[in-house]
Amino acid sequence: MSQLFNTLYWRINDSDQVGIDVVSLLMPNVEGQSPIEYPTDVRICARHVRTAPQDIRWSDDDNELFMSLLDRLLDDEDEDTELDLDINDDVVQGIVQLVALRRFKAPLPTDELGGDTIITEREELDIGDLVALNTATGYPLAIIVGLDSIDATCVLLDTLPLGNGDAIADHTVLVINRLNVLPAAFASEDRGEGAVFH
C-alpha cells in the first residue's frame, strides 16, 4: 500500500471558470503509459494563470488521512467483507474527495457559530467519526478529518443555514471547538432521539 501512495499525485488544472482551478487524483498506470486522471469536485481559487497542469505528490498527511478513513470504514463493515480498493468505487472516491478537501480547502473558523452548551454523554473523538456540530442555527452532520487538543476539523455533510438567508454549503471544511462536536444522533435529520441528555 505504501508503494502506491509514493506514486499518487494531485493535479491542479484550469477549470471552465476564470480564476478557479480543479483538483484531480493521478493514479499510476502500467509502466510506460501516462497516469490516469480522476477528477474530484474540489475547486480552489487560482493563484496564477496556468500554462500547464501542476502535479503535487501526495503528502504523508494525505496518506495518513486516507488510511484512517479507510480503516474506519473497514471497522464499520462486516469483518468478513473485504473492501476492493477500486478507484471507481463510490466509497473510495468519497474518501479521496475528503482527503482533497482537507488538503486544498482552507477551513472556516466557527468561533461565532457555536450553539449553547449541551450536556450529554460524549465519546472520544477520532478521525472519520460522523458527528453533529452544535451551532446556533442547527446541528449539521459532518465528518471529522483532523483533530488537535482543542479543535476538530470537519467536512460538512449537510448545508448549515445561518438564519439570515445565507448558508454554509455542504462539503465546506470547518474548524470547530471540540466542545461543539456532538454525537451524530443530534444531526438535523435525527433531532437527537438517540442521544442521552442529563
Side-chain angles (χ1 to χ4, degrees), residues 23 25 39-44 61-62 64-79 81 83-85 89-198:
V23 178
L25 171 68
T40 71
D41 294 331
V42 178
R43 296 175 174 273
I44 55 176
D61 288 342
D62 294 337
E64 187 177 330
L65 177 57
F66 182 88
M67 290 307 299
S68 293
L69 293 170
L70 185 63
D71 286 346
R72 187 56 188 262
L73 183 68
L74 290 174
D75 284 346
D76 291 342
E77 296 282 329
D78 182 29
E79 289 182 9
T81 304
L83 180 67
D84 183 12
L85 276 182
D89 183 85
D90 289 342
V91 172
V92 175
Q93 285 188 359
I95 293 173
V96 169
Q97 176 85 7
L98 290 170
V99 175
L101 286 165
R102 176 70 172 107
R103 172 76 184 263
F104 294 103
K105 288 290 196 176
L108 296 175
T110 58
D111 297 337
E112 298 170 8
L113 295 178
D116 294 334
T117 301
I118 293 178
I119 299 173
T120 186
E121 286 185 7
R122 296 180 185 257
E123 297 177 358
E124 188 63 34
L125 299 177
D126 202 357
I127 302 293
D129 281 350
L130 284 176
V131 295
L133 305 183
N134 178 18
T135 74
T137 56
Y139 304 95
L141 190 65
I143 187 166
I144 296 176
V145 294
L147 284 170
D148 63 29
S149 60
I150 298 171
D151 295 319
T153 302
C154 303
V155 174
L156 278 179
L157 300 179
D158 291 332
T159 300
L160 173 59
L162 297 178
N164 57 3
D166 293 332
I168 299 175
D170 62 343
H171 294 130
T172 299
V173 182
L174 301 174
V175 173
I176 191 163
N177 188 292
R178 290 171 76 128
L179 295 175
N180 286 322
V181 176
L182 300 171
F186 281 87
S188 300
E189 67 270 7
D190 189 318
R191 300 293 180 199
E193 286 90 351
V196 178
F197 289 89
H198 295 280

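Values below: all heavy atoms of this structure, side chains included; hydrogens, waters and symmetry mates excluded. Remember, predicted model here, so these are calculated numbers, not experimental data.
- The structure places OG1 of Thr110 at 8.0 Å from CG of Asn177, a figure rounded to the nearest 0.5 Å.
- Of the possible polar contacts, one joining the Thr137 side chain to the Pro161 backbone as a donor-acceptor pair under 3.5 Å is found.
- Side chains of Thr40 and Val23 form a contact here, defined as non-hydrogen atoms less than 4.5 Å apart.
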Show your working on side chain to side chain contact (heavy atoms under 4.5 Å, CB included) between Leu65 and Ile127 and close with a plain yes or no. CA-CA 8 Å; Leu65 177 57; Ile127 302 293; 3.5 Å; yes
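- Between atom CE of residue Met67 and atom CD1 of residue Ile95 there is a gap of 9.5 Å, rounded to the nearest 0.5 Å.
- If you take CG on Leu98 and OG on Ser68, they are separated by 12.0 Å, rounding to the nearest 0.5 Å.
- Environment of CG in Asp166: crowded, with over 12 heavy atoms of neighbouring residues, nucleotides or ligands closer than 6.0 Å.
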Please report the C-alpha distance between Val99 and Asp62 in whole Å, then the side-chain angles of each, then the deciding distance to 0.1 Å, and finally whether the side chain to side chain contact (heavy atoms under 4.5 Å, CB included) criterion is met. CA-CA 6 Å; Val99 175; Asp62 294 337; 3.9 Å; yes
Taking it one step at a time, do Leu108 and Val175 satisfy side chain to side chain contact (heavy atoms under 4.5 Å, CB included)? CA-CA 6 Å; Leu108 296 175; Val175 173; over 6 Å; no
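- Atoms CG and NE2, from Asp41 and His171 in turn, are 7.5 Å apart once rounded to the nearest 0.5 Å.
- Put simply, the side chain of Val42 reaches to within 4.5 Å of the side chain of Gln97, judged on heavy atoms.
- Residues Phe186 and Tyr139 come closest through the heavy atom pair O-CB, 3.1 Å.
- Side-chain contact between Asn134 and Val181 is absent, with no heavy-atom pair separated by less than 4.5 Å.
- The minimum heavy-atom distance linking Ala132 with Pro183 is given by the pair CB-O, 3.5 Å.
- Partner Thr153 forms a side chain to side chain contact (heavy atoms under 4.5 Å, CB included) with one of Leu174, Val173, Leu147 and no other, that one being Val173.
- Atom-to-atom distance recorded for Lys105:NZ and Ile44:CD1 is 8.0 Å, nearest 0.5 angstrom.
- When each of Leu141, Thr135, Leu133 is checked for a side chain to side chain contact (heavy atoms under 4.5 Å, CB included) with Leu160, only Thr135 meets the rule.
- The distance from the CG atom of Leu179 to the CD1 atom of Ile150 is 10.0 Å, given to the nearest 0.5 Å.
- Within 6.0 Å of the CG atom in Asp148, the count of heavy atoms belonging to other residues, nucleotides or ligands exceeds 12.
- For the side chain to side chain contact (heavy atoms under 4.5 Å, CB included) with Arg72, the qualifying choice from Leu130, Ile144, Asp129 is Asp129, the only one to do so.
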Side chain to side chain contact (heavy atoms under 4.5 Å, CB included), that's the test. Do Ile143 and Cys154 meet it? Break it down for me. CA-CA 5 Å; Ile143 187 166; Cys154 303; over 6 Å; no
